[in-house]
Amino acid sequence: MTTPPAADRRRAAPVLVWIHGDGSVGGGSFFDGRRLAARGLVVVTVNYRLGVFGGLALPGLEGSGTFGLQDQRAALAWVRRNARAFGGDPGNVTVAGVSFGASAITGHLTSPASAGLFHRAVMASGEGAMDMPAGAMGPGVPGYPWYVWRTGREMEDITTAMTSSLGCGEDRPERALACLRSLPVRRILEVPYVMNAFQAFAYGNTTLPELPPAAVRAGRFHRVPVLSGATRDEHRTFVGMAYDAAGRPFTGADYDRALRTAFGAASAARVRAAYPPGAFASPALAWAAVVTDRMWARGTQAQHDALAPHVPVYAYEFADRAAPMFLPLPGGFAFGAFHAGDVPYLFEDEAAEPRFTPAQRQLSATMTGYWAAFARTGAPRGAGLPGWRPHRVDRPYTQSLAPQRIGPVDYRREHRLDFWEGLS
């Protein structure tokens with residue numbers, strides 16, 4: 001927990017609760033909240049069960065597939081009970097997160113048990129309304145209708161596959177659970193993919209009674225203002241990590257193969273015509289653009305459009321294509337405005353911040369100003385901040401955030417959403 005400077009504690013401060021992403025790894029302690037606290041917020045970073053510990057599911061095991069969400073909800077309840085002791089206002093809590101953490105917030109928006117625990121929501125690069133074409137996350141990775149949501153049965157099937165690798169493939173769930181509980185954590189973590197396999201949440205239970213994106217589309221969610229967006233080049237992170245930045249160049253043949261796997265032969269030809277590899281510096285960047293537009297931008301826009309008829313929605317795109325790469329990845333790949341590349345502009349980061357240009361420092365100051373204003377009032381507006389209109393279905397508005405320009409961007413046109421909706 002990080003509190004505002006002493007001089008700013010004359011009245012209860014808005015509270016921002018940060019749910020970290022990083023899929024099946026990471027932790028709240030990696031996020032330094034001093035920059036946002038200096039804007040007058042009490043910043044709380046939380047931990048929650050990850051991977052197999054957060055998503056394991058067995059018949060008869062209460063809470064199966066939702067333990068991570070329940071941990072986050074417990075943290076929000078703790079904040080409501082204790083915020084005043086740290087100078088925070090329990091009646092003004094913003095829940096914010098990135099990536100997997102932002103997806104969890106889509107779940108909390110629709111979870112009956114999370115009602116009243118937060119009053120605003122910030123979702124950065126969330127996958128809550130996103131599907132996943134086959135091969136989009138790497139060769140051999142199957143397609144799914146939803147990136148982060150699975151039925152209880154699907155989570156149980158994942159558990160069965162993983163527990164068999166651990167020697168706990170018992171026929172009776174209670175025996176399998178007893179076997180798993182007897183294993184040292186180190187032994188569990190030695191199984192390949194045992195954490196990555198559980199980067200999803202189960203629905204059809206008391207925590208998530210229905211599929212969250214379906215509930216949002218139907219208007220069945222908690223009515224709170226939302227600030228939400230994505231980065232301009234979301235999928236370059238994943239393509240770079242798997243191929244070019246790892247010393248395995250993604251070739252033209254790889255591009256054609258990936259298009260056929262994801263979209264089928266007929267549609268692949270149409271996609272290739274819309275995204276010709278010659279129009280990009282490399283086949284890897286062509287493929288990254290395809291998946292960024294088809295998966296990330298399409299899902300982000302769909303969620304904004306579903307939320308906007310009911311609550312204020314402030315949509316953004318982080319567009320700094322020179323953002324410092326803070327992950328331990330080899331140089332040489334053009335990561336651009338990569339997935340989670342906006343986080344060091346909000347939280348102190350010792351790897352990224354020393355590399356900021358003066359213009360990037362100013363962008364950071366503007367972004368923290370927006371986030372703090374939203375946490376305080378439900379709208380990212382304040383003295384010295386460029387204007388930012390709410391997004392509406394009949395009047396779309398996305399704020400581009402870049403050192404050289406802050407202002408509206410035609411998000412549909414930039415990411416060819418008309419093309420993708422016509423292809424579906």
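Everything numeric in this text was worked out from a predicted model, so none of it was measured. Just so you know, residue 1 is the first one in the sequence shown, and it goes up from there.
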Should Val122 and Thr94 count as side-chain neighbours, where that means a heavy-atom distance under 4.5 Å?
-> yes
Item checked: Contact check, side chains of His235 and Met137, non-hydrogen atoms, under 4.5 Å -> yes
Quiz item: Is Asp293 salt-bridged to Arg298, cutoff N-O under 4.0 Å?
Solution: no
Taken to the nearest 0.5 Å, the spacing of Arg120 CZ from Thr377 OG1 works out to 6.5 Å
Smallest heavy-atom separation, Thr106 atom then Gly128 atom, equals OG1-CA, 3.8 Å
Parallel, tilted or perpendicular: which describes the rings of Phe263 and Trp420, with under 30° parallel and over 60° perpendicular? tilted
- Is the Phe335 to Phe326 ring centre distance short of 6.0 Å? no
Whether Arg223 engages the ring of Phe221 as a cation-pi pair (distance to the six-membered ring centre under 6.0 angstrom, angle to the ring normal within 45°) should be assessed.
yes
Interatomic distance, CG@Leu401 vs CZ@Phe318, rounded to 0.5 Å, equals 8.0 Å
Exercise for the section: Step by step, work out the side chain to side chain contact (heavy atoms under 4.5 Å, CB included) result for Val15 and Val79. Expected result: CA-CA 9 Å; Val15 181; Val79 167; 3.9 Å; yes
### Message
Determine whether Arg39 and Thr368 satisfy the following criterion, side chain to side chain donor-acceptor pair (under 3.5 Å), listing intermediate values before the conclusion.
### Response
CA-CA 7 Å; Arg39 293 286 191 169; Thr368 55; 3.2 Å; yes
Q. Between the side chain of Ser111 and the main-chain N/O of Gly107, is any donor-acceptor distance below 3.5 Å?
A. no
Here the pair of heavy atoms bringing Ala286 nearest to Pro277 is CB-CA, 4.2 Å
For this session: Take Asp256 and Arg260, measure what salt bridge (Lys or Arg N to Asp or Glu O under 4.0 Å) needs, and give me the verdict at the end.
Result: CA-CA 6 Å; Asp256 290 336; Arg260 290 193 300 271; 5.2 Å; no
Taking Asp244 first and then Arg248, would you say they form a salt bridge - that is, a charged N and a carboxylate O separated by under 4.0 Å?
no
dist Met123:CE -> Leu307:CG (nearest 0.5 Å) comes out at 5.5 Å
Query - Geometric cation-pi criterion, Arg416 with Tyr275: 6.0 Å, 45° - result: yes
In short, Ala308 meets His391 closest at the heavy-atom pair CB-O, 3.6 Å
Taking Arg236 first and then Asp233, would you say they form a salt bridge - that is, a charged N and a carboxylate O separated by under 4.0 Å?
yes
Between Trp146 and Met130, is any pair of side-chain heavy atoms under 4.5 Å apart? no
For Pro14 and Gly40 the tightest heavy-atom approach is CD-O, 3.6 Å
Mind checking whether His20 and Tyr48 have ring centres under 6.0 Å apart?
yes
Test log, rule side chain to side chain contact (heavy atoms under 4.5 Å, CB included), inputs Tyr345 and Asp320:
CA-CA 11 Å; Tyr345 290 70; Asp320 184 1; 2.5 Å; yes
| said: Does either side chain, that of Gln199 or that of Tyr147, offer a donor lying less than 3.5 Å from an acceptor on the other one? | reply: no
Quick note, salt bridge (charged side-chain N to carboxylate O under 4.0 Å, His left out) partners involving residues 208-220, not counting sequence neighbours, are Glu210-Arg220
OG1 of Thr207 to CZ of Phe67, rounded to nearest 0.5 Å, is 9.0 Å
Check your understanding: What's the verdict on side chain to side chain contact (heavy atoms under 4.5 Å, CB included) for Ser64 and Met155, showing C-alpha distance, side-chain angles and the deciding distance?
Key -> CA-CA 8 Å; Ser64 280; Met155 293 301 286; over 6 Å; no
To the nearest 0.5 Å, atom OH of Tyr316 lies from atom NE2 of His304 at 8.0 Å
_Please tell me whether Arg73 and Ser114 have a donor and an acceptor in their side chains that are separated by less than 3.5 angstrom._
no
Please determine whether side chain to side chain contact (heavy atoms under 4.5 Å, CB included) holds for the pair Thr2 and Val42, giving the CA-CA distance in whole Å, both sets of side-chain angles, and the decisive distance to 0.1 Å. CA-CA 6 Å; Thr2 310; Val42 172; over 6 Å; no
If the threshold is 4.0 Å, N to carboxylate O, is there a salt bridge linking Arg150 and Glu156? no
Value for CG (Leu327) from CE (Met241), rounded to nearest 0.5 Å, stands at 6.5 Å
Worksheet item: Does a donor on one side chain and an acceptor on the other come within less than 3.5 Å for Thr398 and Glu317?
Response: no
Quick one, Phe198 and Thr159 - any side-chain contact, counting heavy atoms below 4.5 Å?
yes
Margin query: Quick check: do Leu208 and Trp149 have side-chain heavy atoms less than 4.5 Å from each other?
Written below: yes
From the list Tyr314, Trp388, Tyr370, side-chain hydrogen bond (donor to acceptor under 3.5 Å, both in side chains) with Gln399 holds only for Tyr370
Practice item. Using the six-membered ring wherever Trp is involved, compare the ring planes of Tyr255 and Phe250 and label them parallel, tilted or perpendicular (cut-offs 30° and 60°). Key: perpendicular
Smallest heavy-atom separation, Arg381 atom then Pro390 atom, equals NH2-CD, 3.8 Å
Would you indicate whether the side-chain heavy atoms of Pro396 and Tyr411 approach each other to under 4.5 Å?
no
His339 meets the side chain to side chain donor-acceptor pair (under 3.5 Å) criterion, sequence neighbours left out, with Ser99, Glu234
### Message
Tell me if the centroids of the rings in Phe347 and Trp371 come within less than 6.0 Å of each other.
### Response
no
**Report entry** Note: Arg294-Asp131 ion pair, threshold 4.0 Å (strictly below)
**Finding:** yes
- prompt: Does the side chain of Thr292 come under 3.5 Å of the side chain of His415 through a donor N or O and an acceptor N or O?
  reply: no
- Task: Answer whether the closest heavy-atom distance between the side chains of Leu180 and Thr163 falls below 4.5 Å.
- Result: yes
- prompt: Heavy-atom distance under 4.5 Å between the side chains of Met1 and Val43, does that happen here?
  reply: no
| said: So that I can tick it off, tell me whether Arg361 and Glu353 are bridged by a salt bridge, with the cut-off set at under 4.0 angstrom between side-chain N and carboxylate O. | reply: yes
Side chains of Tyr243 and Asp254 only: does a donor on one sit below 3.5 Å from an acceptor on the other? no
